[in-house]
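Computed from a predicted model, the values in this text were never measured in an experiment. Numbered from 1 within each chain, the chains take letters A, B, ... in sequence-line order.
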Amino acid sequence: MEIIDIGIGAIVLAMAVATYRILIGPSAADRGAASDVVFFGFVGLVAMMGIRLDTDLVVDIVVVCSLIGFLAALSLARLITGGKR
Amino acid sequence: MTLAITIGIMVAGGVYLMLQRGMVRIVLGLLLVGHAVNLLIMSAGGVFRRDQPLVGSGTTPFMADPLPQAFVLTAIVIAFSIAIYMLTLAASGSDDDTEDAS
Amino acid sequence: MVLLLLLIVLAVTVASTPLLNRYLGRDSGWPIAAVFLALTVLVALQAPQVLGAGTPLEFSRPWMPQIGVEFSLRMDGIGWLFTMLVTGIGSLIMAYSTRYFPSGPRLGFYFLMSLFAFAMTGLVLADDIVLLFVFWELTTIASFYLIGLSGPSASRPAIRTFLLTAMGGLALLGAVVLLVVRTGTTSLSEILADTSWTGDTVFVSVVALLVIVAVFTKSAQFPFHYWLPDAMAASTPVSAYLHAAAMVKAGIYLAMRFTPAFGDVLLWNVVLITAGLITALMGAIFALQQTDLKRLAAFSTVSQLGLLVAVIGVGTPAALVAAAVHTVAHALFKSALFMVVGLVDIRTGTRDLRRLGGLRHRMPVTATVATLSALSMAGIPPLLGFISKENLFESFLHAPGPGWFGPLAGVVAVGASVFTFAYSFRFVYRTFFGTSRSEEGSKEAAATEAGSGFWLPAVTAAFGGLLLGLTVPALDPLVNEVALNATHQAADAHLLLWHGFNTALFMSMAAIGIGALVSWRLRVGDTVAGRDLIPFSGVNVFEAIHSGIIRLGRRTGDLTRSDSPAFHLGAPTVLIIALAAVVAVFGLDLPSPAGQTTVGLDWVLVGLMAVAVLAATITRSRMAGLTLVGVAGFTVALWLFFLGAFDVALTQFLVEILTVVVAVLVLRRLPRRFHPVKAGRKALTAVIAIAAGLSAGVAAYAMTGRRELSAAAEYFLEHAPADTGGTNVVNTILVDYRALDTFGELVVLGVAGLIIIAVLRSSDLLPVHASRQVVVSTDNAAYPAADNTVLMRTVGRYLMPLLVVWSLYLLFRGHNEPGGGFIAGLVGGSAFALLYLAAPSDARARIRLAYPAIIGAGVVVAAFSGFLGFVDGSFLKPLHAEIPLAWGDYFHFTTAFVFDVGVYLAVIGVLLTALNELGLERGTPPGRSGTTTAPSKDEGDDEESAPAVESDATVLNGSTSGGKR
Amino acid sequence: MSVLNILAVVCMIAGALVFLVGAIGLLRLPDFYARLSGVTVAGALGTALLLLGLLLHYPSVENTIKIGLALLIQLATAAVGGNAIARAGYLTKVKPTEITKFDDLAGSSAGTPAEGDGKA
Amino acid sequence: MTYLTWALRLLWFPFYAGGEIVKTTFQVMWDIVTPGSSATPAFVEVPIRATGDLEVTMLANLISLTPGTVTVAVRRDPSTLWVHGLYVEDRESFQKEIHAMEDRILAVTRPKGAPEGAKSKGGRS
Amino acid sequence: MNSALLPLFVAVPLASAGLLTFLPGPLWLRRTLFLAPSASVMLAASWLIWLTRDGAVYAHNVGLWPNGIAIPFVADVFSALMLWTTSLLALVCSMFAVATGDDRKTFFAPLVLVLTAGVSGALLTGDIFNMFVFIEVMLLPSYGLLAMLGALGRLRAGRIYVTVNLLTSTIFLAGVALVYAAAGTVHLGELAGAAKESPMVAVGMGVVILALSIKAAVVPVHGWLARTYPFASPAITALFSGLHTKVAIYAIYRLYALVFDGDSKFLWIGVVAFTLTMLIGVLGAVGENTTRSILVFHMISQIGYILLGVALFTEIGLMAGVFYLIHHMIVKASLFLSTGAIEHTHGTGALDRLGGIAKREPLLALVFMGAAFSLAGLPPFSGFVAKLTLVIAAVDDAQWTVAVVMIGVSLITLMSMLKIWGGVFWGRDPQEENGDGTPVAVGSNGSTVTETIARPKIKTSLIIPGLILTATTLCIGLGAQVLLDLSAQAAAGLMDTSGYVEAVLGR
Ligand code: NA
Ligand code: NA
């Protein structure tokens with residue numbers, strides 16, 4: 001158990017909360033917003049894992065994640081509007 | 001233990017979804033089961049060694065088994081390929097429903 | 001060699017029928033008859049050796065040495081007898097056929113008849129039990145088609161006949177296999193000489209029963225007798241040959257052949273005698289009932305075969321002598337009678353006894369033939385039939401078993417003969433005597449005698465019976481040899497017309513006398529004609545069983561007749577659970593864990609996964625389902641991080657995002673909510689799911705993590721840099737050690753792209769689902785796409801180059817650090833995804849690259865790098881080169897990199913495919929116009945009608961880079 | 001453990017807590033539009049602190065560039081993503097909370113049609 | 001001279017933006033962790049002077065990045081943003097806050113800095 | 001032979017497929033690229049059979065990595081025979097597709113080539129993970145081929161097909177994982193005999209074999225096959241029938257022989273399951289009413305026959321099984337092609353809407369009849385030898401029930417073949433049955449089509465592919481010793497795997 005684990009736990013809890021919001025909605029837009037949080041949580045966790053696992057290779061991964069994660073949000077926005085751009 | 005529980009949860013959820021109506025839920029279920037099996041492959045390498053297998057970083061005695069990682073990578077790509085095809089099937093024809101009535 | 005010559009000549013005859021038919025049509029029968037006649041002579045010339053010296057002719061060549069099967073032939077007395085029948089009668093029938101049919105081509109008939117002769121000859125000559133079976137089945141097949149030749153109405157009888165005789169064939173196969181396995185040889189003579197198996201009562205009974213079934217089906221014995229009248233749908237020459245003289249005799253042949261083994265097995269004696277006599281009696285009665293001449297002849301055949309089977313069942317040398325004589329007699333008179341039926345039928349146009357009569361004046365030759373044959377059949381001296389009947393009676397009296405059995409058998413046989421006399425009389429009298437029962441001027445009433453070519457064969461057969469009756473001692477060598485072959489005992493029979501007064505003679509006289517009385521005084525035929533003596537017919541029984549099996553089959557098919565994937569997915573799942581349960585019940589000796597597999601932090605992932613999966617299972621919103629499974633996917637990626645699999649985690653993450661991107665393209669066409677499922681099904685599936693989860697979890701816990709690092713893993717960690725020049729061991733496995741896996745993987749990915757295109761070309765995408773058509777408010781500033789997408793486009797403009805650069809960066813460094821062709825390709829593909837998503841309209845989003853070509857190029861490049869490996873001795877063997885760089889360093893180049901480029905291209909190609917094929921509205925398909933209104937049209941996304949890649953991969957307009965717009 | 005390392009951990013834990021609060025906002029805030037602020041809390045400051053912590057733990061020029069880049073991308077994309085989802089919500093008529101004072105967007109003029117916007 | 005101040009403004013901008021984000025983040029966080037809500041939400045139309053793609057995007061994004069406000073819709077001609085604010089006292093004061101942000105951004109995107117008289121151009125006068 | 005060439009069995013078709021996706025060229029060139037790889041694979045396989053006929057095993061470590069590290073490609077007489085037969089079928093079915101014009105459909109040619117490459121890879125590889133990959137290479141094109149061509153229900157069938165196969169592949173992979181967890185290797189040479197020694201490996205490999213059994217459509221997991229195959233286009237059904245389930249069967253033979261070393265403990269499971277498969281399959285067949293659904297159920301039944309060879313695991317049983325496998329692939333494809341020619345020309349395979357074809361198409365009738373009799377095990381076709389040897393093997397092993405079921409099933413097989421024969425080739429054509437000879441057809445929606453429809457003549461090019469295969473089954477039946485010899489050699493290699501192990505591990 002390291003101190004950073006508190007942070008990891010907090011983020012995972014946050015992701016769980018967001019997951020709950022995805023489940024209950026009520027609107028598709030709510031779900032989209034909450035999935036964004038899950039995604040941010042993932043990026044944050046990767047960053048923290050860099051410290052936890054003692055490697056700076058995660059830096060590259062964080063870059064890739066933030067580059068790509070955008071697509072998910074834009075896609076979900078499209079889904080909310082039923083394909084309307 | 002933890003990984004095994006995760007695998008169990010994913011398989012249970014995946015199988016449940018897979019046995020429902022509608023192509024999309026089946027696809028989602030199969031995706032979950034596929035992920036679970038990927039974790040099983042990781043588990044097969046022995047998850048008490050968790051350092052990543054980059055020669056020069058980390059300490060060799062704790063390096064994870066690289067072979068399952070290669071397997072999983074291949075498996076992920078294959079599953080992805082099939083998943084997008086299955087989604088295409090879900091969106092072709094008249095409906096993604098797979099049954100006349102529940 | 002004579003034996004081989006026989007078969008070769010017959011085979012050549014079969015092969016030449018097409019040629020003969022082309023030039024001779026129905027007259028093909030003449031040359032064939034000539035060949036058969038020549039063969040008859042050839043066989044007859046063997047008599048001194050086979051019958052006189054008692055030395056069988058033999059021939060043998062290996063056929064399937066692996067199971068000991070040989071192509072071996074043997075002609076002993078029995079073989080000689082039946083070969084003579086096949087070729088001799090065959091010759092007559094072939095000649096007869098030339099006039100029976102109207103002129104014109106008869107390829108099917110002559111081909112099948114000669115094929116049958118070939119098969120029948122093979123059957124009676126085969127000395128290998130497997131070979132015998134082969135010919136046995138061939139005769140069945142030939143019969144099937146010969147019946148079927150008669151047209152649509154014959155198809156059902158043909159099928160019935162085929163199935164029944166095939167059933168007998170399978171019984172024979174069973175016997176064959178049992179004998180072969182037991183004796184270790186397939187040689188028929190060796191098996192029959194082998195006494196090791198005849199002592200085993202159970203075994204011998206089983207084999208005997210199987211052989212009996214074969215005999216009974218082939219020779220139309222009760223309760224399988226009904227096929228023979230059914231088979232009368234065939235043309236008359238076929239009936240005369242197959243269903244009277246030859247094929248039905250195959251059963252008789254088989255029974256004779258197996259007599260050495262079964263002759264003193266009581267089961268054999270009793271079953272054969274009982275069933276044979278029942279058949280004889282029943283057949284005779286039925287024959288008497290018939291009004292159709294041909295059916296009369298058919299039932300008569302059944303009856304006569306019954307007598308034959310019964311007498312073989314007696315099993316004594318004398319009985320076999322009787323059987324041999326009666327076989328000959330029956331062949332002659334029955335083929336003659338059938339030919340008479342044909343003559344009458346063709347000349348008068350009917351076979352109905354109720355319409356015939358008085359033909360003796362107009363068809364004197366036919367009448368003579370009919371009378372002679374009928375007399376022989378009825379057992380009147382001096383015809384051969386009389387002699388054989390006498391011998392039969394005599395033999396029955398000495399049947400084995402309890403004392404009363406023989407006399408009873410004799411009485412029944414006499415009874416059958418009484419009716420035989422009656423129907424023989426009826427046949428001749430009602431056809432040829434009295435006056436015509438048809439109106440003046442009808443064809444029946446005006447019929448005249450046929451030409452000599454037509455009746456000559458019948459005359460030959462009928463007079464043959466007379467001649468042999470008069471010179472019957474000439475048959476002594478034959479019948480004695482047959483009896484010797486069949487019983488392995490000498491018979492010493494001396495056939496005579498006059499034996500003096502004995503029991504058999506009295507029995508004959510009784511049969512004739514009562515028969516005459518019955519015929520003359522009681523007119524039984526007319527009394528019983530047409531009545532159902534038994535409430536069901538064999539045909540009905542057959543059809544009932546047949547349709548019963550079909551119904552059962554339908555039910556069996558219904559078990560899995562579901563189009564629900566869930567059903568077909570459930571079965572394997574339950575099976576796996578069952579396997580797990582069995583393993584759990586029996587337990588496994590597990591080694592102890594090789595290390596601490598659980599880290600405290602892991603539990604947060606377990607929790608997250610539990611939340612995500614639970615939520616995914618209960619939600620009914622499609623979007624929630626997709627994103628929640630996405631969350632589970634992210635959690636898997638995190639797990640992979642925890643386990644030190646960075647490449648894999650990154651890949652998993654990227655795949656997860658791209659799955660969402662593609663899924664959205666699809667989901668927007670579908671209803672917003674999942675289909676409802678009944679509570680009962682939910683509960684059932686939940687139970688299965690939990691059991692499956694439990695199985696998987698326990699298996700994962702119990703069966704992994706219980707050994708040290710594998711030898712292969714140790715090798716990779718130790719040698720990867722030296723072997724490959726790369727330090728990212730996972731990547732070196734992917735592109736060096738196991739490049740073949742990766743090659744396959746890239747093909748899979750590429751093919752996914754191709755099949756998406758192919759399937760959509762063939763079926764069209766769903767129109768956006770009615771309930772999916774989101775009501776979008778249009779009356780406000782948030783609506784216009786061009787203005788509101790400016791933010792993402794602007795950001796995208798700056799991100800694009802970054803994505804491209806980063807993707808190339810990942811491609812180049814993959815060998816040493818996380819990255820590689822696949823990850824790089826996904827990042828590069830994301831650039832296109834971004835372009836697609838940020839475009840203000842579908843038209844602007846269209847990517848004008850020939851993406852199938854990119855996929856193909858990826859495969860070709862990867863294959864090419866594989867071929868390069870042959871330079872160094874193996875496919876996909878990486879080549880290495882140190883390329884000097886301007887600043888003095890060296891760049892380590894390896895063909896593994898070329899391979900990675902192939903992967904990269906394929907990935908990009910597939911992503912482009914998905915975006916373009918699924919993401920854009922396609923031109924409205926023909927025939928469906930007007931039914932769908934994609935909402936994008938309402939929303940002003942202008943539609944360009946030309947798709948980027950229309951024809952199959954022939955367009956390569958890849959010059960326009962998507963990035964430029 | 002160096003000062004930087006301690007700082008890094010502090011940063012990270014702070015980031016994680018901010019993040020958690022943002023996520024809790026998803027539950028507590030009254031309507032969709034308000035909950036978007038919770039998303040922003042997590043996505044902007046929360047993530048930024050986490051990335052900063054990472055940089056402090058592995059300070060190097062290369063990492064500074066990369067993490068700076070990552071931060072910039074993260075903020076830009078989070079903002080655009082937030083906008084896209086907010087707009088999608090509005091277009092699909094997600095009801096604002098009743099305490100919403102006014103809505104200038106309802107019935108607002110869309111302006112002159114721009115190129116590429118078809119007939120809208 | 002202009003370019004020197006521009007460079008300074010450019011360097012300062014991240015700190016300004018960061019400060020704004022932190023400030024608003026804490027405001028929203030406070031609202032989240034304390035019981036009840038002090039929210040006074042509204043959708044506000046904000047006319048802006050920013051014209052280029054980059055300027056509009058930066059402004060819209062900065063609005064979205066600061067918790068409590070999110071850009072909902074964009075119009076290019078005339079340049080206007082519609083912003084959802086969580087704490088809107090009244091339309092004018094909210095627009096003023098946005099325009100303050102806009103000033104900072106224009107000061108970065110235009111070497112000459114933001115034009116004077118921001119409110120006079122596009123305001124709802 | 002230089003065993004380094006073995007990967008070419010995979011690489012050449014794949015490269016050709018890649019080229020075909022973008023090569024503009026004229027039709028003849030594209031068709032050459034389409035047909036030539038299968039033809040050359042067939043030639044090469046013939047050579048390979050010649051080389052391995054005496055029990056030689058050729059192995060090559062792809063990439064020349066050390067033993068146990070590299071993926072080995074291995075060829076013995078069994079895999080060579082399979083290669084030969086699969087390439088023959090690929091070639092013949094491709095010819096049929098060229099005749100029907102299927103080959104001009106989008107990506108048809110590259111997909112078929114990839115499919116055959118996957119098959120070859122799965123047959124040659126000596127590594128179970130690699131086998132998984134090649135099975136996927138084989139399956140992916142199939143997913144498309146099934147859903148892009150064929151009957152009305154093809155999309156629904158496509159969904160069942162892809163989901164079931166994906167689940168099965170996932171199960172396969174789980175088995176591979178368990179094997180690796182237990183044994184630390186996925187290399188077949190290193191795994192030789194492992195399941196006999198280690199129960200954990202046995203369980204893992206059991207899961208793999210179970211997955212293969214699903215792919216082979218063994219009862220009770222056969223339902224998917226019957227609900228999917230009839231909906232593909234005839235050429236595709238023929239191709240699938242010859243290739244897919246048969247690769248799974250091959251793998252079951254290979255893995256059980258190698259990894260379980262023929263362990264007699266588990267054989268009874270196979271005996272029970274495969275006997276049921278024979279029975280349920282044939283009953284299902286006789287209950288169906290269209291040519292292809294009858295044939296498809298038969299496939300299931302015959303899969304039971306073939307697999308009994310491995311369940312007996314005696315020298316003669318394996319020989320019979322291998323012989324049966326080869327025979328069945330050829331015959332089944334022939335039947336699908338000849339009925340497919342009818343379906344393609346007349347637009348239906350329903351027994352009650354066809355009739356009297358034997359008279360109009362005697363050659364086709366001959367082709368069908370030969371294959372049908374072969375299927376039912378009638379002499380002189382190969383099916384007879386197959387059935388005979390298998391029954392002998394069963395009796396030899398004192399499996400009385402099995403032998404009885406085998407014989408009984410062959411009667412019902414004949415019955416259902418005659419059902420097709422009577423419904424399609426004999427009997428009256430319902431189109432001509434409307435009273436005074438004015439042919440009237442019933443439209444697909446049940447309405448009566450008034451215009452006269454003359455039955456078109458079936459093109460010879462549609463008959464020739466089936467003819468080739470029927471001629472092959474006849475030749476195999478008449479000259480049975482050749483294939484029996486090879487099968488016996490294959491069986492010997494399965495009974496004693498030391499040759500295989502030595503070839504891949506050098507020890
Ligand atoms: Na905000
Ligand atoms: Na019909």
Counting heavy-atom pairs under 4.5 Å with chain B, which one of [options] comes out on top?
options	answer
C:T742, C:D741, C:I688	C:I688
C:F567, C:F646, C:F716, C:F674	C:F674
C:A914, C:G570, C:A686	C:A686
C:S564, C:A689, C:G697	C:A689
C:V687, C:V662, C:L717, C:L694	C:L717
C:E708, C:Q652, C:E714	C:Q652

Give me the atom names and distance for the closest heavy-atom approach of [X] to [Y].
X	Y	result
B:I26	C:P565	CD1-CB, 3.7 Å
C:R669	B:A91	CD-CB, 4.1 Å
B:S92	C:V759	OG-CG1, 4.4 Å
C:K682	B:Q20	CG-OE1, 4.4 Å

Do [X] and [Y] have side chains that approach each other closer than 4.5 Å (heavy atoms only, starting at C-beta)?
X	Y	value
C:L760	B:T88	yes
C:P676	B:R21	yes
C:E656	B:H35	yes
B:M18	C:T573	yes

Going from [atom1] on [X] to [atom2] on [Y], what distance comes out if it is rounded to the nearest 0.5 angstrom?
X	Y	atom1	atom2	value
C:L667	B:L87	CG	CG	7.5 Å
B:L54	C:T727	CG	OG1	6.0 Å
C:T617	B:I9	OG1	CD1	11.0 Å
B:L17	C:L569	CG	CG	12.0 Å
C:L643	B:M42	CG	CE	5.0 Å
C:S695	B:I7	OG	CD1	13.0 Å

- Task: Examine distances only and state if a side-chain atom of C:R706 and a backbone atom of B:G46 form a donor-acceptor pair shorter than 3.5 Å.
- Result: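 No; zero donor-acceptor contacts below 3.5 Å.
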- Expected output: side-chain B:R25 to main-chain C:R622 donor-acceptor under 3.5 Å: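 Such a contact is absent between B:R25 side chain and C:R622 backbone.
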- Message: Let's test your reading of the structure: which of B:A90, B:G45, B:G13, B:S43 forms the most heavy-atom pairs below 4.5 Å with chain C?
- Response: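 The candidate making the most pairs under 4.5 Å is B:S43.
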- Query: Between B:V24, B:L31, B:V37, B:L40, which residue shows the highest count of heavy-atom pairs closer than 4.5 Å to chain C?
  - Reply: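 The option with the most such pairs is B:V24.
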- B:L3 portion near chain C, given a 4.5 angstrom heavy-atom threshold: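 Its backbone and side chain both get close to chain C.
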- Query: Which bit of B:L39 comes within less than 4.5 Å of chain C, counting heavy atoms only: side chain, backbone, both or neither?
  - Reply: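 Just the side chain, heavy atoms under 4.5 Å.
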- Non-neighbouring partners of C:T913 that pass side chain to side chain donor-acceptor pair (under 3.5 Å), sequence neighbours left out: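 Result, side chain to side chain donor-acceptor pair (under 3.5 Å) vs C:T913: none returned.
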Side chain, backbone, both or neither of [X] within contact of chain B (heavy atoms, under 4.5 Å):
X	result
C:V910	side chain
C:L658	both
C:L626	both
C:L911	side chain
C:V729	both
C:A610	both

- Taking heavy atoms only and a threshold strictly under 4.5 Å, list by residue number the residues of residues 596-603 of chain C that touch chain B; give 'none' if the list is empty.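 Within residues 596-603 of chain C, the residues under 4.5 Å from chain B are C:Q596, C:T597, C:T598, C:V599, C:D602, C:W603.
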- Which residues in residues 634-641 of chain C have a heavy atom less than 4.5 Å from any heavy atom of chain B?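 From residues 634-641 of chain C, the residues near chain B are C:V636, C:W639, C:L640.
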Residues 62-86 of chain B, side-chain donor-acceptor partners within the protein, below 3.5 Å, at least two apart:
residue, atom, partner, partner atom, Å
B:D65, OD1, B:L67, N, 3.0
B:D65, OD1, F:Y180, OH, 3.3
B:D65, OD2, F:Y180, OH, 2.5
B:Q69, NE2, C:G644, O, 3.2
B:T74, OG1, B:A70, O, 3.1
B:T74, OG1, C:E745, OE1, 3.3
B:S81, OG, B:V77, O, 2.7
B:Y85, OH, F:Y143, O, 2.9

